[in-house]
Chemist: 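Once you've had a glance at the structure underneath, I'll fire off some questions.
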Amino acid sequence: MTTSSKRYARLVLNTLGLASNCYGFSMINGIFPPYIGFGGIFQFLTMIGLALATFAFALKIIRFFVPGALGGLYKYIAYVVTPMEGLISVLYWPMVLYNKELLMNQEVPFALPLHLDMALHLWPAVLLWIDFLVFDVDFVRSRAHVGIIYVFTLVYLAWSTYCFSRNGFWVYPFLGDFSVLGRVTFFMFSGNICVAMYEAGKLKHHANFFGFIQ
């Protein structure tokens, strides 16, 4: 694949990602009840991840037209949100296939059509990882990326706990089955999975698994 065709293929991929995420945001307000408690849709890790992924796709498109633009911001957003979206998919699909009630609180009843479910919980991760593994040649591992992942993990733990204190229910019902120590352990375990995905991405760039494309 030539450099020019590779750039345009990447543009198409990221445009699809941006369009899919915008579709997810446009449809989600019709799914939830009018009032879903303090924090609104941003109680959900999915929606926080979707917002960051949308920003990442937009940055990638901007950098197609203005190469190198917003480099520092891009590296901190894109290289953190990619494993984060991977984590969201890895956690979500096994739980929802096993028992939807683990994730869907009766206090906030809703049902996601499959096409919307995939727009929220699958396509962001798939498209970000394809972009990262196939097209991104600028990645350099940074301890700052790992630190941001762990800081975000603790911030989301604090945020979801605060939302519970205001709403009287956990945004994800299974969190209520844990003790305080159990919840902290679960969140840190999830943070470790996210970091493991980040490190796996680093190995790809060292091994150049997709060198035949690049």
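Quick caveat: nothing in here was measured; it's all calculated off a predicted structure. The first residue in the sequence is number 1, and the count goes up from there.
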Chemist: Side chain to side chain contact (heavy atoms under 4.5 Å, CB included) with Leu128: which of Leu133, Leu13, Thr82?
Modeler: Thr82
Chemist: Does the side chain of Asp138 come within less than 4.5 Å of Tyr74's, by heavy atoms?
Modeler: no
Chemist: Tell me whether Phe64 at atom CZ has more than 12 heavy atoms from other residues, nucleotides or ligands lying less than 6.0 Å away.
Modeler: yes
Chemist: Check the orientation of His121 and Tyr92. Use parallel for under 30°, tilted for 30 to 60°, and perpendicular for over 60°.
Modeler: parallel
Chemist: Please name the pair of heavy atoms, one in Gly176 and one in Arg183, separated by the smallest distance, quoted to 0.1 Å.
Modeler: CA-NH1, 4.3 Å
Chemist: Phe139 and Tyr198: ring pair (Phe, Tyr, Trp, His ring centres under 6.0 Å), yes or no, with the steps?
Modeler: CA-CA 11 Å; Phe139 171 75; Tyr198 174 86; 5.5 Å; yes
Chemist: Can you check whether Tyr162 reaches Ser165 side chain to side chain, under 4.5 Å on heavy atoms?
Modeler: yes
Chemist: Would one find more than 12 heavy atoms of other residues, nucleotides or ligands at under 6.0 Å from atom CH2 of Trp123?
Modeler: no
Chemist: Locate the shortest heavy-atom distance separating Ala53 from Val81; write the atom from each residue and the value.
Modeler: N-CG2, 3.6 Å
Chemist: Which of these passes side chain to side chain contact (heavy atoms under 4.5 Å, CB included) with Leu103: Val96, Leu91, Thr46, Leu175?
Modeler: Val96
Chemist: Do the two ring centres, one from Trp159 and one from Phe38, sit under 6.0 Å apart?
Modeler: yes
Chemist: Provide the closest heavy-atom pair for Pro124 versus Met118 in the form atom of the first, atom of the second, distance.
Modeler: CD-O, 4.0 Å
Chemist: Applying the side-chain hydrogen bond (donor to acceptor under 3.5 Å, both in side chains) test to Lys60, which of Thr15, Asp136, Asp131, Asn14 qualifies?
Modeler: Asp131
